[in-house]
Structure formats: C-alpha cells, structure tokens
Amino acid sequence: MTNILISGASIAGTATAYWLRRHGYAVTVVERAPAIRTGGYKVDLRGAALQVIERMGLLDAVRARATDMRVATYYDASGRPLATVDADLFGGRTGPDAEIMRGDLNKLLYDLTRDDVEYIFDDSITGIADDGTVTFERSRPRTFDLVVGADGAHSNVRRLTFGDESACTRDLGHYISICTVPNTLGLDREEAVHATAGRTANVYSTRQDTRAKALFMWSSPPLTYDHRDVAEQKKLLAQAMDGVGWQVPALLDAARDADDFYFDSVAQIHLDRWSKGRVVLVGDAGYCASPASGQGTSLAVVGAYVLAGELATGGGTDGYERELRPFVTANQALGPANIKGMVIGSRAALWLQLTMMRLLPHLPGRNRMIERITGPIARAANAITLKTYEH
C-alpha cells in the first residue's frame with residue numbers, strides 16, 4: 001500500500017495527511033470547499049492529543065495561538081449579571097490543556113503538509129469501486145490503495161461505503177448553531193451567556209480577534225431539513241430562539257448575514273467497524289462524539305496518528321480499531337453527560353447551576369467539586385497509551 005486518498009481537508013484530514021506522508025505514503029487530499037477552511041469556533045486539545053501535537057512539533061505554535069479566554073459571565077434577560085466564572089478556576093490559561101480556534105489549528109496542519117501532499121480543492125468523491133478506482137465530480141477517475149474518509153459527521157465516503165447515516169447516528173436531542181457576529185458587546189477574551197430552560201445563547205471573543213462568535217444550543221426533537229440549505233437553517237434557528245431575551249434578537253439579526261453559518265444536530269456516530277474493503281474512516285466520519293463532548297478535535301488528532309502508525313507498522317485497520325476503540329468509547333461517553341450542563345432543562349435546575357457558580361470560588365471544598373466536573377474529561381482525554389511508531 002503506497003497511494004492513499006483522503007476525503008476532507010479539515011483537522012482529521014490534514015492531520016492524517018501529515019502522519020501518512022511522514023511514514024512515506026503518497027497522499028492526495030480531496031476537499032469539497034474551494035480552499036482550506038479557516039475561522040470556525042474554539043476547540044480544545046487535551047491529554048493524548050497534546051502528545052500528538054508535540055510529536056508533530058506544533059505544541060509551541062498551538063500555545064502561541066491560544067484563545068486566552070479569561071472569564072465567562074451569565075446574564076438574565078434584562079442584561080443583569082448573575083454569575084461570573086474565572087477561566088483559571090477550571091485550569092483555563094494556567095492548566096495543561098490548549099484551546100485554539102479550529103481554523104488556526106487546521107492552518108498549522110495544512111502548512112505542514114502543503115508542500116508534499118497533493119491537495120485537490122473544489123471537488124468531491126462520487127464513487128469508490130472494490131478495486132480502489134475512485135470517481136470524482138470534476139477530476140478524472142484514479143485508483144488508490146486506500147481511501148480515508150475524514151469528511152465529517154455527514155461523511156460522503158461513509159455514505160458511499162457503509163450506507164445511509166441514519167443507521168449509525170445517535171441523536172442527543174439538541175441542536176447547535178455557530179457563526180461570526182460583530183463584537184457589539186466589546187468582549188475581550190471573555191464569554192457572555194444567557195440561558196433559559198432548554199435554550200442557551202453564548203457570545204465570545206478570543207485573543208487577536210476583533211469580532212465575536214455567537215453560539216446557540218437548544219433541546220429539540222429531530223428536525224427535517226436540507227444540510228446544504230443555509231437559508232432554511234437560519235429560519236430554524238430563529239424559530240428555536242424566538243422569544244429569548246437579552247442580546248439574542250440582535251445576535252439572530254447578525255446571524256442572518258453571517259457567511260460562516262454552522263447548524264447541525266448534537267449527535268454521535270457509532271459504527272461496529274470503521275473500515276470496509278479499501279475504505280477506512282477517521283475523526284467525526286467514524287466516531288463523532290458530538291460538540292457536547294468537547295473532545296471531537298482530540299479524537300481526530302489522535303485517530304489520525306494511530307491510523308497512520310498502524311498502517312505503517314503492519315497493524316493495519318485491525319490494529320487501528322484495537323488501539324483506538326477504548327479511547328473513542330471513553331470520549332463518546334462524555335457527550336450525553338455534558339449536554340445536560342450546557343442546556344439546562346428547567347428553571348429550577350438553572351437556578352441551582354447559577355447559584356453553584358456564584359458560590360464555587362468561595363467554598364472550602366471547591367477543589368473536590370471542580371474535580372468532579374473536570375475529572376471525567378481528563379480521564380477520557382488520557383484513556384490511551386500512545387505507541388511510538390517508527391517512521
């Protein structure tokens with residue numbers, strides 16, 4: 001096996017491209033977008049993922065581009081502050097984890113690979129034959145030894161190989177939308193949050209960014225919509241957040257004009273196998289943990305490292321499954337638990353959460369309480385012992 005095609009040039013794809021090329025494979029990446037995707041939202045790198053980033057020589061660069069978030073403040077519908085949480089209370093800027101904008105991380109990975117990996121933009125796979133022949137929307141057919149699906153939770157490669165995504169999607173009963181908005185609140189490395197029963201709005205601005213990101217999450221039964229119809233998705237967001245006070249009406253107005261609008265269900269992908277024939281899946285395409293887990297980027301980075309290493313050292317896709325499966329299981333378990341704290345189901349539960357936020361910095365047993373919150377995430381982030389694969 002020498003010639004490998006990767007579908008998707010987001011983090012899972014660019015990270016896989018790096019490690020496969022480092023192991024000596026000829027790598028081609030096909031991406032539907034016309035260029036590498038920039039922007040996006042803030043993501044976390046923890047535990048084993050940071051070890052992989054360090055082995056890529058990118059740790060200092062990632063730290064230099066950290067979001068440097070300082071504080072989060074919760075507001076009521078009239079704009080009155082209810083609770084303020086210092087990021088350092090949970091290890092924010094002083095802890096071992098790294099938080100970076102998704103686009104910044106992907107640009108670092110792309111720059112590592114752009115000179116010795118073939119990138120084909122503005123194209124997509126239309127078919128994958130048993131002999132490895134791949135057809136494209138625009139390019140001529142080509143034959144590859146392996147096709148890697150790194151094209152997200154709505155993976156085209158997974159659909160072509162494993163069938164309709166409804167069979168492997170586990171819905172968590174919520175939706176999420178994110179977009180860039182003007183920083184009218186004058187935020188400086190801080191978050192402003194307003195929550196009501198079943199709905200949460202969050203706007204934040206990171207270091208070196210004059211604009212802000214608006215993030216909406218809400219509970220909902222499954223919605224029927226076209227994943228490529230952004231206008232329809234913006235209407236669904238407006239309907240979901242209708243009647244919510246604070247800055248939400250202004251944020252919804254800004255969202256209508258956003259050119260980086262993101263909308264999706266909070267869902268996970270569960271498959272018994274991540275490979276079939278000449279196809280293997282990595283990142284969200286194979287084992288999306290949902291945004292609620294906070295570990296999607298870490299899973300993509302670690303998955304890319306393990307997949308390339310096992311292919312290079314003879315473990316193949318079976319070795320990839322064996323090494324990574326417990327890590328994926330541990331991190332996917334975070335999603336259903338975390339979503340309950342991100343979107344509060346009742347007014348009583350919301351009052352209790354805000355009260356605890358106000359009291360937590362002053363409680364004598366706060367370290368034990370903080371560990372109960374952060375401990376499961378830290379344990380899942382380190383639920384794998386990384387091999388050192390020879391190049």
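Residue numbers run from 1 in the order of the sequence given.
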> Is a side-chain donor or acceptor of His23 paired with a backbone partner of Arg21 at a separation under 3.5 angstrom?
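Checking the backbone N and O of Arg21 against the side chain of His23, no donor-acceptor pair under 3.5 Å is found.
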> For the residue pair Lys234 and Phe263, would you count it as a cation-pi contact if the rule is NZ or CZ under 6.0 angstrom from the ring centre and within 45 degrees of the ring axis?
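No, Lys234 does not lie over the aromatic ring of Phe263.
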> Given the rule in the side chain to side chain donor-acceptor pair (under 3.5 Å) test, do Ser205 and Asp209 qualify, once you have shown the distances and angles that lead to the verdict?
CA-CA 7 Å; Ser205 184; Asp209 194 346; 5.4 Å; no
> Regarding Thr14 and Asn106, do their side chains bring together a donor and an acceptor under 3.5 Å, going by distance alone?
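On atom types as modelled, these side chains qualify, holding a pair under 3.5 Å.
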> I'd like to know if the side chain of Thr113 reaches the main chain of Leu109, judged simply by a donor and an acceptor atom lying under 3.5 Å from each other, with no hydrogens or angles considered.
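Answer holds: yes.
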> Between Glu165 and His154, is a side chain to side chain donor-acceptor pair (under 3.5 Å) present by the stated rule, with each step listed?
CA-CA 7 Å; Glu165 70 178 49; His154 302 295; 2.9 Å; yes
> Taking the inter-plane angle between the rings of Phe121 and Tyr119 on a 0 to 90° scale, is it parallel (under 30°), tilted (30 to 60°) or perpendicular (over 60°)?
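Parallel: the ring planes of Phe121 and Tyr119 meet at under 30°.
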> Whether the Thr329 and Tyr287 side chains hold a donor-acceptor pair (N or O, under 3.5 Å, no angle test) is what I'd like checked.
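The answer is no; no qualifying pair exists.
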> Is the backbone N or O of Gln332 less than 3.5 Å from a side-chain atom of Gln295, with the two atoms forming a donor-acceptor pair by type?
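No, Gln295 side chain to Gln332 backbone: no donor-acceptor pair under 3.5 Å.
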> Tell me, with the steps shown, if Tyr389 and Tyr305 meet ring-ring contact (aromatic ring centres under 6.0 Å, His included).
CA-CA 9 Å; Tyr389 297 104; Tyr305 175 81; 5.4 Å; yes
> Carefully, step by step, assess Thr67 and Arg207 under the rule side chain to side chain donor-acceptor pair (under 3.5 Å).
CA-CA 5 Å; Thr67 60; Arg207 182 172 62 175; over 6 Å; no
> Determine whether Ser139 and Asp123 satisfy the following criterion, side chain to side chain donor-acceptor pair (under 3.5 Å), listing intermediate values before the conclusion.
CA-CA 7 Å; Ser139 304; Asp123 207 349; 2.6 Å; yes
